[in-house]
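Quantities reported herein were computed from a predicted structural model and do not represent experimental measurements. Lettering follows sequence order; numbering is per chain, from 1.
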Protein chains: 2
Amino acid sequence: MSSGQPLKPLPRDQDRDREPTLTIAQVAERTGLSHDTLRYYEKAGLIERVGRTTGNQRRYQAADLAWLEFLLRLRETGMSIADMQRFAALRTAGNITVADRLAMLREHRAELADRIRALRRNATVLDHKIDHYEQLLLDEVEHEQPGSDETT
Amino acid sequence: MSSGQPLKPLPRDQDRDREPTLTIAQVAERTGLSHDTLRYYEKAGLIERVGRTTGNQRRYQAADLAWLEFLLRLRETGMSIADMQRFAALRTAGNITVADRLAMLREHRAELADRIRALRRNATVLDHKIDHYEQLLLDEVEHEQPGSDETT
DNA sequence: CCTTGACCTGGAGCGCGCTCCAGGTTTTAC
DNA sequence: GTAAAACCTGGAGCGCGCTCCAGGTCAAGG
């Protein structure tokens, strides 16, 4: 979608392709994942084998990063590694799996809605308990010194 | 739930058979926890030592159950066992720890609010992805048969 | 009484999601 | 060219939160 004009300050050496690439350290910093986790995800099949230099070092491309960030959304919404593996496998299998992937996402989305609702219910229980403790503290103060100086 | 200290109809003697008690199996069923988990929680200090029969079998009282259910709210909102241990220890230590317990709950509540917000943000990302896949499916159908019969 | 099933204890084991290590190779900075 | 930093692989290890097991004791029905 663009030209191949050598007008940019290219990073040296191994980057002969048009697209800029990132080392594992750079991806780690950007995603918040550790080097080990990135390698683990690749070994586990969550991400397809990342491109390498001639010296076998990983060079991530923009698409890898985008996929990683989506994986992180799945992870943060509580999807297990096993399910992410399934999803990734479908993705690797190509367009014929779009319906399956959609089904997975819809189900996950529904579970997420349930979990958010449950958390909100539990939050109100916490709020009640907090109110209760606040009242206890007030009562204590009253009993000790009904209307005197206090240090917050 | 407020102001309830001196008016309890205490069974002053150690004869508490008046109060109904529950076996571990009954508590397991009511809470959804397994027998093993209940024993584990007790061993870990999340709940104080439960009363026993002369034959050393646990008999839970209403207060035990209420505390367990509150623990479950903490657990479901993501509090670690270690933090629940801290909270339980404060509770065991008595009223002087009310301020500390309040502080813990407030912090936990704030983290919970953060997590709910994050989940909602992620939910919208999922929604976009779902929309995207739906569009892909539509496009596929169009390309195959631009306006013809389809079997659902 | 006896049987059966619920319960007890201490401790080992497990599944998950990483995290660390050893020992080696590659890249970078000077 | 050389030293240091970054990276590689396979595999072991870890922390969490249970879960299971062995080997018993206890309780309720017939």
Side-chain angles (χ1 to χ4, degrees), chain A residues 9-17 20-61 64 68 71-88 108 111 115, chain B residues 17 20-61 64 68 71-88 108 111 115:
Chain A
L10 277 174
R12 293 192 189 137
D13 253 19
Q14 80 282 13
D15 195 6
R16 297 148 200 280
D17 292 346
T21 61
L22 297 169
T23 66
I24 196 169
Q26 290 167 325
V27 173
E29 187 175 8
R30 260 161 236 229
T31 59
L33 297 170
S34 71
H35 304 192
D36 278 327
T37 300
L38 284 168
R39 288 191 274 253
Y40 164 67
Y41 279 7
E42 189 176 335
K43 192 160 26 172
L46 294 189
I47 52 186
E48 291 181 65
R49 184 176 168 84
V50 166
R52 312 284 164 129
T53 65
T54 55
N56 197 36
Q57 296 200 354
R58 288 171 180 79
R59 287 298 116 94
Y60 293 77
Q61 296 179 240
D64 298 321
L68 266 171
L71 276 184
L72 285 184
R73 299 309 125 226
L74 295 181
R75 186 183 77 164
E76 284 169 17
T77 50
M79 186 179 283
S80 66
I81 296 274
D83 280 352
M84 288 194 280
Q85 284 172 331
R86 272 168 222 126
F87 193 86
H108 183 61
E111 289 168 4
R115 286 200 13 259
Chain B
D17 294 332
T21 61
L22 297 170
T23 67
I24 196 169
Q26 290 167 324
V27 173
E29 188 175 8
R30 260 161 235 228
T31 59
L33 297 169
S34 71
H35 303 191
D36 278 327
T37 300
L38 283 169
R39 288 191 273 252
Y40 165 67
Y41 279 7
E42 188 176 334
K43 193 160 26 173
L46 294 189
I47 52 186
E48 291 181 65
R49 184 176 170 85
V50 166
R52 313 284 163 126
T53 66
T54 55
N56 198 34
Q57 296 198 355
R58 290 171 179 80
R59 287 299 118 93
Y60 293 78
Q61 297 178 235
D64 298 322
L68 266 172
L71 276 184
L72 285 184
R73 300 309 125 226
L74 295 181
R75 186 184 76 164
E76 283 168 20
T77 49
M79 186 179 284
S80 66
I81 296 274
D83 280 353
M84 288 193 280
Q85 284 172 332
R86 272 167 222 126
F87 193 85
H108 184 61
E111 288 168 5
R115 287 200 14 258

Give me the distances for all protein-to-nucleotides 3-7 of chain C N/O pairs that come in under 3.5 Å?
residue, atom, partner, partner atom, Å
C/dC7, OP1, B/Thr23, OG1, 3.3
C/dC7, OP1, B/Ala25, N, 3.4

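You'll find the side chain of A/Leu46 reaches within 4.5 Å of the side chain of A/Ile81, heavy atoms only. Side-chain contact check for B/Tyr41 versus B/Arg75: some heavy-atom pair is nearer than 4.5 Å. In this structure, A/Leu33 and A/Leu72 have side chains that are in contact, with non-hydrogen atoms separated by less than 4.5 Å. Side-chain atoms of B/Met79 and B/Glu111, non-hydrogen and from C-beta on, never get closer than 4.5 Å to each other. Considering only heavy atoms from C-beta on, A/His108 comes within 4.5 Å of A/Thr77 through its side chain. For the pair A/Leu22 and A/Glu29, the minimum side-chain heavy-atom distance is 4.5 Å or more. The side-chain heavy atoms of B/Leu38 and B/His35, taken from C-beta on, include no pair separated by under 4.5 Å.
Summary for the helix from C/dC1-D/dG30 to C/dC30-D/dG1: the axes at its two ends, each from 5 pairs, differ by 10° when rounded to the nearest 10 degrees.
Under the 3.5 Å distance criterion, the side-chain polar atoms of A/Gln85 are matched with a main-chain donor or acceptor of A/Ala44.
Between B/Thr54 and B/Thr37, the residue anchored closer to the 5' end of DNA chain D is B/Thr37, taking for each the nucleotide with the nearest heavy atom.
With respect to A/Arg52 and A/Glu42, a salt bridge is recorded, a charged nitrogen being found less than 4.0 Å from a carboxylate O. Ion pairing between a basic and an acidic side chain is recognised when a charged N comes within 4.0 Å of a carboxylate O; B/Glu76 and B/Arg73 show such pairing.
Remark: B/Thr31 pairs with no residue by the side chain to side chain donor-acceptor pair (under 3.5 Å) rule, at least two apart or across chains. Listed by chain and number, the residues in a side chain to side chain donor-acceptor pair (under 3.5 Å) with B/Thr37 are B/Ser34 (sequence neighbours excluded).
Using a 4.0 Å cut-off on heavy atoms, the residues of residues 74-87 of chain B that approach DNA chain D are B/Arg75, B/Ser80, B/Ile81, listed by number.
Chain B approaches DNA chain D over the interval D/dG17 to D/dA27, counting the first and last nucleotide 5' to 3' with an atom under 4.0 Å from its heavy atoms.
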